[in-house]
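The following block contains the structure, expressed as structure tokens.
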Amino acid sequence: MAFPDGFLWGGAISASQAEGGWQEGGRGVENCDLIPAGPDRFAVMSGALQLPLDDTTHYFPARNAIDFYHHYKEDIALFAEMGFKTFRTSLSWSRIFPNGDEAEPNQAGLDFYESMVDEMLAHGIEPLITMTHFDIPQHVVEAYGGWGSDETIELYQRFCKAVFERLGGKVKWWLTFNEINLMCAMVEGMGVRIEREEDRPRFTYEAMHRIAQACAHTIRLCHQMCPDAKIGCMKMSSLVYGYTCAPEDQLEVIKHNHEMDVMIDVQVYGYYPRYFVRRMERDGVDLGITPEVARLLAENTVDFVSFSYYNTQCVSGDPDTTAELTGGNGYAGIRNPHLEVSPWGWAIDPVGFRILLNQLYDRYQKPLFVVENGLGTIDEPDENGYIEDDYRIAYLRDHIEQMRDAIDEDGVEVLGYTVWGCIDVVSGGTGEMKKRYGFIYVDMDDEGNGTKARSKKKSFDWYRKVISSNGADLA
Ligand code: BG6
């Protein structure tokens with residue numbers, strides 16, 4: 001039996017890409033509400049462009065998204081029809097603490113999330129909750145400088161405590177921060193203000209250290225307040241190959257991994273790895289870690305490791321390389337001539353998925369949870385409005401086969417698999433709606449026009465069979 005009994009098949013979305021309802025239920029404004037679709041998106045997301053942008057010239061997709069806020073019952077019923085065992089979504093911090101620094105949580109926000117969780121449980125679906133998925137209350141950004149301030153660690157603990165108090169008895173699976181390595185590569189998008197370039201390393205490491213402490217507190221609170229639950233970290237996987245077999249290219253792979261792994265290493269091992277300590281020393285930064293903080297990190301480590309996987313890239317140690325670049329989740333990289341790419345330039349690499357599962361398991365020796373995987377592409381409805389997304393079925397089938405082999409042949413422990421954007425959501429990278437991942441089509445365009453009606457794609461029935469056969473029937 002390749003997939004173990006109890007394997008958690010399901011799907012995943014995030015609050016800012018699905019929920020909408022930005023001014024309902026007492027929710028406060030968050031950073032994601034101010035990120036436009038279109039050419040200014042990356043500059044705002046990475047903190048390079050000053051806010052706020054003009055509402056009349058920009059469209060802000062997170063504000064209404066696919067209106068999961070009002071459709072969650074209907075959507076969860078559709079997930080249940082596919083047989084989901086789990087459903088992953090995130091919480092909007094500003095729905096629970098509108099400004100982030102109130103003494104008491106917004107009960108309407110907690111009510112919303114409790115009702116959502118109850119709806120999942122009523123359908124036999126285990127909630128998998130990401131505490132935050134790239135969001136932060138805008139007031140925490142403006143008044144405290146986001147993760148540039150120690151006070152934010154306190155505010156974040158207050159948020160986690162309120163969440164565990166209300167949902168801790170019902171939710172068994174938790175994640176700290178979504179794609180923490182990508183988030184830490186863009187700390188200015190999380191409110192950190194870096195005025196002078198020479199301060200960049202110090203401010204970045206200090207923000208990372210605050211975020212690492214916030215993770216440790218979240219894990220501590222989860223273990224104390226929800227003893228039956230498990231909590232994991234979440235990595236944007238960034239498997240890279242050396243462009244050639246030149247040793248310099250392989251060394252570049254190690255350097256790339258050092259950039260990507262540190263925030264996962266600290267949540268698994270409970271201390272910063274030597275490569276990171278040396279890097280900070282080289283940059284003249286001393287975090288001044290007290291014994292108390294060292295103990296906090298050491299004593300509060302994750303139960304499992306989760307990650308997203310979409311594509312792979314190549315790296316080169318040759319600074320003068322003229323190799324062709326291509327897109328990818330989070331970063332552009334060198335295009336691998338052996339692989340096809342999606343319309344967004346993301347290389348499709350199922351075997352890379354098996355390699356990654358092995359690498360992560362070898363490195364951490366913790367159960368893994370695949371919490372994002374899927375194909376973001378354009379779907380064209382036929383004259384009846386139906387989408388025959390055989391390309392999506394092929395992508396998912398090829399990846400699930402590799403995951404099966406990693407489990408069956410290589411002995412990798414995998415807890416579950418949630419397909420990203422199981423219902424079409426707004427693209428995190430581009431803010432577009434036309435980049436779709438779902439089994440369920442949402443009638444909405446890049447400017448937010450459309451009925452938002454939901455309809456099943458061909459892949460909907462295919463995934464239902466996959467789940468009911470526990471991965472045996474992939475045809
Ligand atoms: C991950 C994120 O980076 O990749 C999601 O956790 C995102 O938020 C997903 O949506 C796919 O990226 P994109 O840009 O295709 O939406």
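Start at 1 and go down the list; that is how both ligands and their atoms are numbered.
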### Message
Between ligand 1 and G429, is the shortest N or O to N or O distance under 3.5 Å?
### Response
yes
### Query
Would one find more than 12 heavy atoms of other residues, nucleotides or ligands at under 6.0 Å from atom NZ of K161?
no
### Task
Flag the pair W173 / F304 as yes when their ring centroid distance falls below 6.0 Å, and as no otherwise.
yes
### Query
For atom 10 (O) of ligand 1, what's the nearest protein heavy atom and its distance?
Q17 NE2, 2.8 Å
### Message
With nothing but distance in play, are any N or O atoms of W346 less than 3.5 Å from an N or O of ligand 1?
### Response
no
### Query
Which bit of E372 is near ligand 1, meaning a heavy atom under 4.0 Å away: side chain, backbone, both or neither?
side chain
#### Entry: Heavy atom of the protein closest to atom 16 (O) of ligand 1 (residue, atom name, distance)
G428 N, 2.7 Å
### Query
Are S115 and Y72 close enough that a side-chain donor and a side-chain acceptor fall under 3.5 Å?
yes
### Message
I'd like to check whether S308 has a polar contact with ligand 1, where a contact means an N/O of the residue lying under 3.5 Å from an N/O of the ligand.
### Response
no
#### Entry: Ligand-side contact atoms (ligand 1) for residue partner Y437, heavy atom cut-off under 4.0 Å
11 (C), 12 (O), 13 (P), 15 (O)
### Task
State, to 0.1 Å, how close D261 and Y364 come at their nearest heavy-atom pair, and which atoms those are.
O-OH, 4.0 Å
### Nitrogen or oxygen atoms of N329 and ligand 1 under 3.5 Å apart
yes
#### Entry: Within-cut-off N or O pair, H133 and ligand 1, under 3.5 Å
yes
### Message
Is the shortest side-chain heavy-atom distance between S427 and M433 below 4.5 Å?
### Response
no
